[in-house]
Amino acid sequence: MGTKNALKKQIQKTHTRCRRCGRTSFHIQKKVCAGCGYPSARLRHYNWCKKMIRRKTRGTGRMRYEKDMPRKAKNGFREQTQAAPRKKASA
């Protein structure tokens, strides 16, 4: 049987859920996420962990803005223009 202090260490929570990455990595006392580095504006990543960078990099999420870029670039980033009318095929 252990001491009361050992039990207290098991019950206490050091980390809770992070707002940005959703992992249980946000340190309550430090107010910093160990996974993504929140509240820092830049995402936490190190070159000694290539696999982690691969998981978090661009193209792994929804890409709400970037998924339209290839199509817009193909059309020359045109805006507020009307599409040219198609000529009806003569029968």
Side-chain angles (χ1 to χ4, degrees):
M1 185 122 180
T3 61
K4 286 184 180 180
N5 191 37
L7 181 65
K8 186 183 176 188
K9 283 186 177 182
Q10 290 173 23
I11 294 168
Q12 279 180 311
K13 288 176 77 176
T14 53
H15 295 85
T16 188
R17 246 189 87 157
C18 173
R19 285 183 197 165
R20 183 159 66 184
C21 66
R23 291 168 63 184
T24 313
S25 304
F26 189 79
H27 199 283
I28 298 166
Q29 284 187 324
K30 292 181 183 177
K31 299 278 191 281
V32 174
C33 178
C36 68
Y38 179 84
S40 173
R42 296 178 186 211
L43 210 60
R44 173 187 173 274
H45 75 280
Y46 294 100
N47 286 330
W48 47 258
C49 193
K50 298 283 185 187
K51 197 180 278 188
M52 182 264 302
I53 294 171
R54 232 182 297 143
R55 290 189 190 117
K56 293 184 179 183
T57 193
R58 285 174 13 185
T60 57
R62 278 176 63 185
M63 293 208 324
R64 288 181 286 264
Y65 177 75
E66 282 189 60
K67 66 182 169 191
D68 298 327
M69 281 296 114
R71 175 174 47 84
K72 287 181 178 179
K74 182 184 75 175
N75 296 319
F77 296 100
R78 63 185 178 206
E79 285 185 341
Q80 298 175 351
T81 57
Q82 191 70 31
R86 288 186 181 179
K87 293 181 179 178
K88 291 183 179 178
S90 58

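Computed from a prediction, not measured in an experiment: that's the story for all the values here.
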Tell me who clusters with Val32, hydrophobic residues only, linked when side chains sit under 4.5 Å apart either directly or through other members.
none
Tell me whether Thr57 contacts the main-chain N or O of Arg54 through its side chain, where contact means a donor paired with an acceptor under 3.5 Å.
no
Value for OG1 (Thr60) from CZ (Arg55), rounded to nearest 0.5 Å, stands at 11.0 Å
Could you list the donor-acceptor pairs under 3.5 angstrom formed between side-chain atoms of residues 42-52 and any protein atom two or more places apart in sequence or on another chain?
residue	atom	partner	partner atom	Å
Arg44	NE	Ala34	O	3.2
Arg44	NH1	Ala34	O	3.1
Arg44	NH1	Gly35	O	3.4
His45	ND1	Leu43	O	3.4

Does Arg78 have any side chain to side chain donor-acceptor pair (under 3.5 Å) partners at least two apart in sequence or in another chain, and if so, which?
none
Could you please spell out the steps behind the side-chain contact (heavy atoms from CB on, under 4.5 Å) verdict for Leu7 and Gln10?
CA-CA 5 Å; Leu7 181 65; Gln10 290 173 23; 4.1 Å; yes
Donor-acceptor contacts, no H, no angles, side chain residues 17-26, under 3.5 Å, sequence neighbours left out:
residue	atom	partner	partner atom	Å
Arg19	NH1	Tyr38	OH	3.3
Arg20	NH1	Ser40	O	3.0
Arg20	NH2	Cys36	O	3.1
Arg20	NH2	Ser40	O	3.1

First locate atom NZ of Lys72, then atom CD of Glu79, and finally report the distance between them rounded to the nearest 0.5 Å.
7.0 Å
What's the separation between atom NE2 in His27 and atom OG1 in Thr14, rounded to the nearest 0.5 Å?
5.0 Å
Show me the donor-acceptor pairs within less than 3.5 Å that the side chains of residues 82-89 make with the rest of the protein, sequence neighbours left out.
none

